[in-house]
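The structure appears below as structure tokens.
All ligand and atom numbering here is 1-based and tracks the order in the structure. When a residue number appears, it is its place in the shown sequence, counting from 1.
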Amino acid sequence: MQYFIKPLAVSLVTIGLICGQAVASEKIVIKSGDVHGDGYPTVEAIKYMGGLLSDWTDGRISIKVFGGGVLGAEKEMVEQVQIGALEMARVSVGVAGPIVDEFNAFNLPFVFRSADHMYKVTEGEIGTELLEGLDKGGLVGLGYMDGGSRSFYNNERAITKIEDLAGLKIRVMGNPIFVDMVNAMGGNGIQIPFTEVYTSIQTGVVDGAENNPPTLIEHQHWKVAKHYTLTEHLMVPEIFVFSKRVFDKLSDEDQALIRKASRLAVLKQRELWKAKVGVAVEKMQAAGYAIITDIDKTPFIEATQDVRNKYGAKWKSLMDKVAAVK
Ligand code: BDP
């Protein structure tokens, strides 16, 4: 697939700079990619951010969201942002580990105790430092979004205890941590790009996957995977990032506006997220889709201790700091 789109913002800003100064009246259209489509909280929050920017600048700055994965998988979108061919992307922290290694601390199972714990970590000193670290990867980390909790779904059998996962082929995001995580629980973790998950389950390439309720429903995975169990083994935050190449060429005022709008987009997404999770669960239950909520998580936590030890040892003090956030 070709997903090269004219880097509009880059060219406009460049024109201004060639003339020796930023041209305040030049239009800046920020293109932003997401694997989710309209109606999904991350997409709607970025559109909201675009609306704010547009209002504040009388339409001079706006955002155009390219959702539904039309710009490629998350890893590819991040690469596009790094080179400045795409201005912005909203991705899972799951794919940010290769850029800022410490982000992998957030990718370990059962690290966050609750959504509140995750908010406090991401909004506090730890989260801020990690976002700033994206700079070395050519990215400006604008903020975190809520990706809820991820749980297993599959087409083979209901998971009521850890033994039920034995031998199941489970799709995971592109990061070896997630493969180790599933394997530690007795399953067989397989990395597959998000856009191929539905077909992979449908055709039996994998037995299932793991994700949050809104994703399960919005991407129709529940139609091909009958059993969903709220193991809630992962709480992977999401981030939205801006191309540093493009950002550095913007005026200080425009950078400040983008940062201010980002902050409001973070809060908006949280609000939209909470509503969306409730609706997704209700919709599935009303349609007679069985969701197993009563599950003893202790064996899952114990089985993954080695994974936390193996990867977490590298960031021991960071992990301790995360755990100490009350
Ligand atoms: C969804 C995240 C998205 C990931 C996807 C995945 O919002 O960023 O790409 O999971 O599993 O929950 O790949």
Side-chain angles (χ1 to χ4, degrees), residues 32-46 65-81 86 88-99 103-104 106-107 109 112 115 118 122 139 141-154 169-179 181-182 187 189-201 205-206 208-222 224-225 228 230-241 265-266 269-270 272-274 276-277 280-281 284:
S32 186
D34 200 311
V35 293
H36 297 300
D38 288 342
Y40 201 89
T42 54
V43 171
E44 294 307 316
I46 297 293
V65 178
F66 291 82
V70 292
L71 301 184
E74 295 195 341
K75 188 173 167 288
E76 289 150 358
M77 283 196 282
V78 167
E79 285 163 8
Q80 294 297 301
V81 176
L86 175 66
M88 244 173 92
R90 192 289 315 162
V91 297
S92 169
V93 160
V95 300
I99 303 169
F103 259 127
N104 279 324
F106 293 174
N107 288 330
F112 295 113
M118 182 185 71
T122 53
L139 302 171
L142 290 179
Y144 291 92
M145 291 191 177
D146 193 348
S149 305
R150 299 173 73 100
S151 295
F152 291 111
Y153 45 96
N154 80 93
K169 287 182 275 171
I170 302 290
R171 175 272 170 177
V172 291
M173 288 186 277
N175 188 321
I177 291 189
F178 303 132
V179 174
M181 174 193 75
V182 171
I190 302 172
Q191 304 182 55
I192 294 177
F194 181 62
T195 40
E196 290 163 33
V197 178
Y198 178 91
T199 330
S200 301
I201 302 177
V205 170
V206 287
E210 42 90 60
N211 223 311
N212 52 50
T215 299
L216 190 68
I217 203 159
E218 292 283 319
H219 295 268
Q220 307 301 328
H221 295 177
W222 66 310
V224 286
Y228 191 35
L230 297 189
T231 46
E232 299 181 324
H233 51 271
L234 277 177
M235 261 192 193
V236 181
E238 326 225 308
I239 46 174
F240 55 116
V241 294
V266 165
Q269 193 269 348
R270 265 189 220 171
L272 294 173
W273 180 259
K274 285 188 183 125
K276 192 76 175 180
V277 173
V281 171
M284 289 191 277

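- The shortest contact between atom 4 (C) of ligand 1 and any protein heavy atom is with Glu74 OE2, 3.6 Å.
- Ring geometry for His221 versus Tyr153: interplanar angle of 30 to 60°, hence tilted.
- Ile239 contributes atom CD1, which lies 4.5 Å from atom CZ of Phe103 (distance to the nearest 0.5 angstrom).
- The distance criterion of under 3.5 Å between nitrogen or oxygen atoms is met by Arg150 with respect to ligand 1.
- Side-chain contact check for His233 and Glu210: at least one donor-acceptor pair (N or O, by modelled atom type) lies under 3.5 Å.
- Taking both residues in full, the closest heavy atoms of Val266 and Gly143 are given as CG2-CA, 4.1 Å, listed atom of the first, atom of the second, then distance.
- Between Val81 and Ala89, the shortest heavy-atom contact is CG2-CB, 3.8 Å.
- When non-hydrogen atoms are compared, ligand 1 lies under 4.0 Å from neither the backbone nor the side chain of Val95.
- With respect to atom 2 (C) of ligand 1, the closest heavy atom belonging to the protein is Glu238 OE2, 3.2 Å.
- Each of the atoms 1 (C), 12 (O) of ligand 1 lies under 4.0 Å from some heavy atom of Thr215.
- Counting only heavy atoms of the protein, atom 13 (O) of ligand 1 lies nearest to Arg171 NH2, 3.0 Å.
- Taking atom 5 (C) of ligand 1 as the reference point, the nearest protein heavy-atom neighbour is Phe194 CD1, 3.6 Å.
- Applying the side chain to side chain contact (heavy atoms under 4.5 Å, CB included) rule to Thr199 yields the partners Gln202, Thr203; only residues at least two apart in sequence or on another chain are considered.
- Among the atoms of Asn211, some N or O lies under 3.5 angstrom from an N or O of ligand 1.
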